[in-house]
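First the proteins, then the strands, lettered A, B, ... as listed; each starts at 1.
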Number of protein chains: 2
Amino acid sequence: MAAQRGQRNGVGGDTPPAPTAAEVTTPIPRVAEVPAARERARAIPEAAVARLAVYLRVLSAMQEQGAGTVSSEELATAAGVNSAKLRKDLSYIGSYGTRGVGYEVAVLIEEIERILGLTRKHSVAVVGIGNLGHALANYGGFPGRGFPVSALFDVDPDLVGVPVGGLPVDHIDDISRVCAEREVSIGVIATPPPAAQTVCDRLVEAGVQCILNFAPVVLQVPDHVEVRKVDLAVELQVLSFHVARRADDAAATNGQQVNGMVVS
Amino acid sequence: MAAQRGQRNGVGGDTPPAPTAAEVTTPIPRVAEVPAARERARAIPEAAVARLAVYLRVLSAMQEQGAGTVSSEELATAAGVNSAKLRKDLSYIGSYGTRGVGYEVAVLIEEIERILGLTRKHSVAVVGIGNLGHALANYGGFPGRGFPVSALFDVDPDLVGVPVGGLPVDHIDDISRVCAEREVSIGVIATPPPAAQTVCDRLVEAGVQCILNFAPVVLQVPDHVEVRKVDLAVELQVLSFHVARRADDAAATNGQQVNGMVVS
DNA sequence: CTGACTTTGTGCACGCGTTCACAAGCGGTA
DNA sequence: TACCGCTTGTGAACGCGTGCACAAAGTCAG
Ligand SMILES: NC(=O)c1ccc[n+]([C@@H]2O[C@H](COP(=O)([O-])OP(=O)(O)OC[C@H]3O[C@@H](n4cnc5c(N)ncnc54)[C@H](O)[C@@H]3O)[C@@H](O)[C@H]2O)c1
Ligand SMILES: NC(=O)c1ccc[n+]([C@@H]2O[C@H](COP(=O)([O-])OP(=O)(O)OC[C@H]3O[C@@H](n4cnc5c(N)ncnc54)[C@H](O)[C@@H]3O)[C@@H](O)[C@H]2O)c1
């Protein structure tokens, strides 16, 4: 169990569980370890980064509608957050607003794109061209946003060579070569759960440092690889929890319950 | 703009931004408003709920492999969290472990399922049977986990009546009737962005109280409706941010940078 | 029955993220 | 130029979630 770590995704923060190896160097309470250099704007909370992406989308929509400036209040409402949080989020990337006026839409778009690293294109590889893989490959929303899908992989010989969304499927065994050739920086795993870890290892071996995982599996990756997961079953179960909570609440306020079980 | 609220999803907590109407009742600092009754086990953090769903999946896998008991350490490792967090999470739902031994897998599964409301089936309706809708409808993982997909809707007349994943597509105009008949409790939105809000409103009108949204749009819903969103573009952009951060770090430690721009 | 060992459950402290509240700053107006 | 109103940017407080560390509680060997 050399390098194992929880995925960064989902709700709530996920601070590094502990030093991966060399448990405790000295029993001194950890002070500021970073040498204060290279400490730039690195302190953006992950939650804020995710919201910046949302702001960016809203701003793009506003720009298409011809808006020149926005106030934090407007933008916040459109993005579904309160204005204080929005301003704090924007303050992480700098001061690009004009007091008494608001923000220039174009400027804000540019700065957020810069922070998110969207000035560079990020080639995406999809592994596992089944139900979900097909949907992803056919989806037009990624290339348009700077994430061209430039490689597809599957193990099924019937699929290899077949074009999906205009791009022919490569065999999984060629993953290293193809990823290198096409400078893939993000790998998307859409294989069945049992294959996910193997595919992940291959992606890492191929030099891919960012992975988006759709398989309901906890992936083990080295520290330098970033994993985010999308787990639809978890999403549904969280919703289910809220249904149950609601039902309980209703029962409790009506006094209609026996030993914790709702009586209909 | 009567009832508008941010989506509950993604990273970080999202406490109710403010009383929806009737801004301040009294200028007294809010004390414990809940009458202390119906205060049961309601205090489970959303982040913990999401993790419970993960534990449940891991436990199911363990049970299939014939495991009878697990320690918090084992389960935590398998789920990608540290054991303290896991025990804390489990403590929210009660004390079902045996000190010195661990947890009975079967008991834990049962209790988590009870808390998540999985003892009841939750019928799911998918709206928008395009690329993504097809994948969702064909996916076998939901029915097996207590989430039968029991209704499909689209506006395209060519699709209506066509069976997808063994279930014929209904017209969106029949949504209220069909949802009522089949007791749909969760709606999944997989339409193009412009249609999402309308579809959402129709789902709410049809009595659906939980919505999973794939369209990159901030939905406006009444307070009693729970929305979670899955935004793949945001996921990719967060990954992109980490790529950029990494590149910056590398450049900074090498001293290879000019005015904030990396020189290759 | 006793004692040693194992693992749970949790009180507490810390840190991060959210929210509040207001000074600072800018444009418009007289 | 001086004033006024509006909006940004942020210091500080608050609250929540995480992680630590240990007492409580159980098992098992002898
Ligand atoms: N389809 C959905 O809507 C949906 C929803 C939630 C989660 N998921 C998850 O997404 C993943 C994919 O789902 P799906 O419905 O597309 O499954 P699928 O069975 O339709 O497709 C899986 C594809 O992966 C390929 N594959 C298998 N092993 C491989 C390997 N080692 N290397 C490369 N390719 C390999 C298969 O040939 C197949 O084409 C699963 O883990 C599933 O649990 C899917
Ligand atoms: N396909 C993907 O991989 C992917 C990835 C990320 C996000 N998304 C998002 O998911 C959504 C669906 O994507 P897609 O690729 O499946 O799109 P799609 O165009 O393939 O399918 C959309 C479907 O919705 C139907 N529709 C349109 N208006 C409707 C209405 N008012 N009521 C009911 N149905 C209606 C259309 O007839 C079509 O069948 C989009 O919002 C997209 O941004 C998709």
- [ ] Counting heavy atoms from C-beta on, name the nucleotide in dG9(C), dT18(C), dG17(C) closest to the side chain of Ser95(B).
- [x] dG9(C)
Open item on the list: Side chain of Val101(A), heavy atoms from C-beta onward: which of dG26(D), dG27(C), dG19(D) has the nearest atom to it?
Closed with: dG27(C)
Open item on the list: Whole angstroms only, please: what is the CG-P distance between Leu86(A) and dT19(C)?
Closed with: 12 Å
- [ ] Whole angstrom is fine here: how far is it from CD1 in Ile93(A) over to C1' in dT10(D)?
- [x] 15 Å
Open item on the list: Looking at Glu113(B) and Arg145(B), is there a salt bridge between them, counting it only when a charged N and a carboxylate O are closer than 4.0 Å?
Closed with: no
Open item on the list: For dG9(D) and Tyr103(A) - does any side-chain N or O of the residue sit under 4.0 Å from the phosphate oxygens OP1/OP2?
Closed with: yes
Task: Short side-chain N/O contact from Arg99(B) to OP1 or OP2 of dC22(D), under 4.0 Å - done: no
Open item on the list: Between C1' on dT8(C) and OH on Tyr55(B), what's the gap in Å once rounded to a whole number?
Closed with: 15 Å
Open item on the list: Using heavy-atom distances to pick each residue's nearest nucleotide on DNA chain C, tell me which of Ala84(A) and Tyr96(B) is more 5'.
Closed with: Tyr96(B)
Task: Side-chain donor/acceptor of Asn213(A) to backbone N/O of Val217(A), under 3.5 Å - done: yes
Open item on the list: Under a 3.5 Å cutoff, is there a donor and acceptor pairing between the side chains of His122(B) and Gln237(A)?
Closed with: no
Task: Under 3.5 Å donor-acceptor, Glu74(B) side chain and Ser71(B) backbone - done: yes
Task: Separation of dT8(D) P from Glu74(A) CD (nearest whole Å) - done: 9 Å
- [ ] Can you check whether any acceptor in the base of dG19(D) is under 3.5 Å from a donor in the side chain of Lys88(B), or vice versa?
- [x] yes
Open item on the list: Under 4.0 Å between a side-chain nitrogen and a carboxylate oxygen: does that hold for Arg87(A) and Glu73(A)?
Closed with: no
- [ ] Mind calculating the distance between CD (Glu111(A)) and C1' (dG9(D)) to the nearest angstrom?
- [x] 16 Å
Open item on the list: Is Arg87(A) close enough to dA21(C) that one of its side-chain N or O atoms is under 4.0 Å from OP1 or OP2 there?
Closed with: no
- [ ] Would you tell me if any nitrogen or oxygen in the side chain of Ser72(A) comes within less than 4.0 Å of OP1 or OP2 on dT7(D)?
- [x] no
- [ ] Using atom CD of Glu104(A) as one end and atom P of dC26(C) as the other, report the distance to the nearest whole Å.
- [x] 14 Å
Task: Short side-chain N/O contact from Asn82(B) to OP1 or OP2 of dT18(D), under 4.0 Å - done: no
Task: For atom CD of Glu46(B) and atom C1' of dG15(D), their distance in whole Å - done: 17 Å
Open item on the list: Whole angstroms only, please: what is the CG-C1' distance between Asp89(A) and dT8(D)?
Closed with: 14 Å
